[in-house]
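Chain A is the first sequence line, chain B the second, and so forth, proteins listed ahead of strands; every chain is numbered from 1. Computed over heavy atoms, backbone and side chain alike; hydrogens, waters and symmetry mates excluded.
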Number of protein chains: 2
Amino acid sequence: MLRLSKLTDYAVVVLTRLEEAEEGGVLTAPGLAAATGLGEPTVSKVLKILSHAGLVEGRRGAAGGYRLTRPLEAMPLTDVITAIDGPIALTACVDNAAGFCDAEATCPVRGRWDPVNDAIRRALSGISIADLARVPAIVPHPEVAAAE
Amino acid sequence: MLRLSKLTDYAVVVLTRLEEAEEGGVLTAPGLAAATGLGEPTVSKVLKILSHAGLVEGRRGAAGGYRLTRPLEAMPLTDVITAIDGPIALTACVDNAAGFCDAEATCPVRGRWDPVNDAIRRALSGISIADLARVPAIVPHPEVAAAE
DNA sequence: GCAATCAGGACCCGATTGGTCCGGATTGCA
DNA sequence: TGCAATCCGGACCAATCGGGTCCTGATTGC
């Protein structure tokens, strides 16, 4: 798998749409939901998480909404993943997260994945949300273009 | 998260142990289970998957067991991950896997994660199981060494 | 004062994973 | 030739986790 959560996927979409439509103003959660085609509660949830992480800024009140705190080019993908999926670590038993294992003595994988985590972290840190945003992203359906 | 399954973790352990103890012979699944401290059915399951992927070779019969088909140095981590967790792809909607989305027109993330998948794939392909095996792996417990 | 919006949490449902077990096939040995 | 040991393949169940929804409160502008 190595799959990250759908929320992260949604986050990228929302962030992209935020930068597209932002013209000095703010966008509301329902507005973003309509623009992205996602459910309103889900979009709201994503925005709340992103706001918590400082990637977007929420403004309450009648004319409230959300606003980017930084341009997407200055927003590495790792920030979004970390915000939503937590720290980047492939296994449950990472450096300092564990602390209690039923069989710590016999557990043969302690700390072993660190280089892997590091490699992934490095690979991801070179990608910004802007890099994902400018991908064409609308390609003809693969099954149509090249039916397998 | 970005977490991969525990089975992959176990696989690395089993493979490492397999190379350690192998001296031209084979190791049985129960033997490996005892050596790794994992459950016998689980080890058996891992070995079956690895055998399916061609990473190990199972020999039936009375003096049967499992044997590595290649040295761990020639076994990239991606092979193990692919064998157990399936193809490396971060989202459900990857290049050719989808084909049917309820809202394909409004889905704004189509094919967007490809560069990310590629980056991760590249980062992981440079790591072999041997690289993980030779990590000290037994460090003093983090909570003891540096209580947070 | 009212309406609109964000903020935070609780909650439930579904899916995926982890783990176990069983019967069958194959091989070596007595 | 029979037996025992082992792998092989599948089905099966329980549990954890993530996805998604909803509700109530706090804040702000009109």
Side-chain angles (χ1 to χ4, degrees), chain A residues 1-11 13-14 18 25-34 36-67 69 81 83-86 89-93 97 102-103 109, chain B residues 1-11 13-14 18 25-34 36-67 69 81 83-86 89-93 102-103:
Chain A
M1 53 153 158
L2 230 160
R3 92 172 13 145
L4 48 81
S5 65
K6 288 185 184 176
L7 273 301
T8 306
D9 203 337
Y10 298 159
V13 177
V14 169
L18 252 180
V26 294
L27 288 177
T28 68
L32 277 169
T36 56
L38 304 173
E40 297 185 15
T42 301
V43 171
S44 184
K45 186 177 196 174
V46 170
L47 286 169
K48 274 184 279 190
I49 298 175
L50 293 178
S51 169
H52 225 263
L55 300 181
V56 302
E57 201 178 27
R59 184 170 186 80
R60 296 188 186 181
Y66 286 97
R67 191 172 65 85
T69 57
I81 296 179
I84 296 187
D85 287 340
L90 275 75
T91 54
C93 266
D102 51 349
V109 289
Chain B
M1 52 151 161
L2 232 161
R3 91 171 14 144
L4 47 81
S5 66
K6 288 185 184 175
L7 273 300
T8 306
D9 203 337
Y10 298 159
V13 177
V14 169
L18 209 47
V26 295
L27 287 177
T28 67
L32 277 169
T36 55
L38 304 174
E40 298 185 15
T42 302
V43 171
S44 183
K45 186 177 195 173
V46 169
L47 286 169
K48 273 184 279 189
I49 298 175
L50 294 178
S51 168
H52 227 263
L55 301 182
V56 302
E57 201 178 27
R59 184 170 186 80
R60 297 188 185 179
Y66 285 97
R67 190 173 66 85
T69 57
I81 295 179
I84 295 187
D85 288 338
L90 275 74
T91 54
C93 266
D102 52 348

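- Rounded to whole angstrom, the span from the OH atom of Y66(B) across to the P atom of dA5(D) amounts to 17 Å.
- Here the closest heavy-atom approach between residue L47(B) and residue V56(B) is recorded as O-CG2, 3.8 Å.
- Between V46(B) and Y10(B), the shortest heavy-atom distance links the atoms CG2-CB, 4.1 Å.
- The minimum heavy-atom distance between V43(B) and A29(B), with the atom names listed, is CG1-O, 3.8 Å.
- Residues of residues 46-56 of chain B that place a heavy atom closer than 4.0 Å to DNA chain C do not occur.
- Checking side-chain atoms of T69(A) against main-chain N and O of G54(A) turns up a donor-acceptor pair under 3.5 Å.
- With sequence neighbours left out, the side-chain contact (heavy atoms from CB on, under 4.5 Å) criterion links K45(A) to I49(A).
- Atom CZ in R59(B) sits about 10 Å away from atom C1' in dT26(C), given to the nearest Å.
- Each of G61(A) and A29(B) has a nearest nucleotide on DNA chain D; the 5'-most of these lies closest to A29(B).
- Of the listed nucleotides (dA4(C), dC21(C), dT17(C)), dA4(C) has the atom at the smallest distance from the side chain of A62(A).
- Under 4.0 angstrom from either OP1 or OP2 of dG19(C) there lies at least one side-chain N or O belonging to Y10(B).
- Note: NZ (K6(A)) to C1' (dT16(C)) measures 12 Å, nearest angstrom.
- Following rounding to the nearest Å, K45(B) (NZ) and dG9(D) (C1') show an atom-to-atom distance of 12 Å.
- Here dA4(C) presents its P atom at 18 Å from CG of L27(A), a figure rounded to the nearest Å.
- Summarising the geometry, the separation between CZ on R60(A) and C1' on dC6(C) is reported as 5 Å, rounded to the nearest angstrom.
- Distance CG (D9(A)) to P (dG18(D)): 16 Å, rounded to an integer number of Å.
- Rounding to whole angstrom units, CD of residue E57(A) and P of dT28(D) are separated by 12 Å.
- Partners of T28(A) under the side-chain contact (heavy atoms from CB on, under 4.5 Å) rule, at least two apart in sequence or in another chain, are P30(A).
- Between T42(A) and the phosphate of dT21(D), there is a side-chain N or O to OP1/OP2 separation shorter than 4.0 Å.
- A pairwise comparison of heavy atoms in R67(B) and V26(B) identifies CB-CG1, 4.0 Å as the closest pair.
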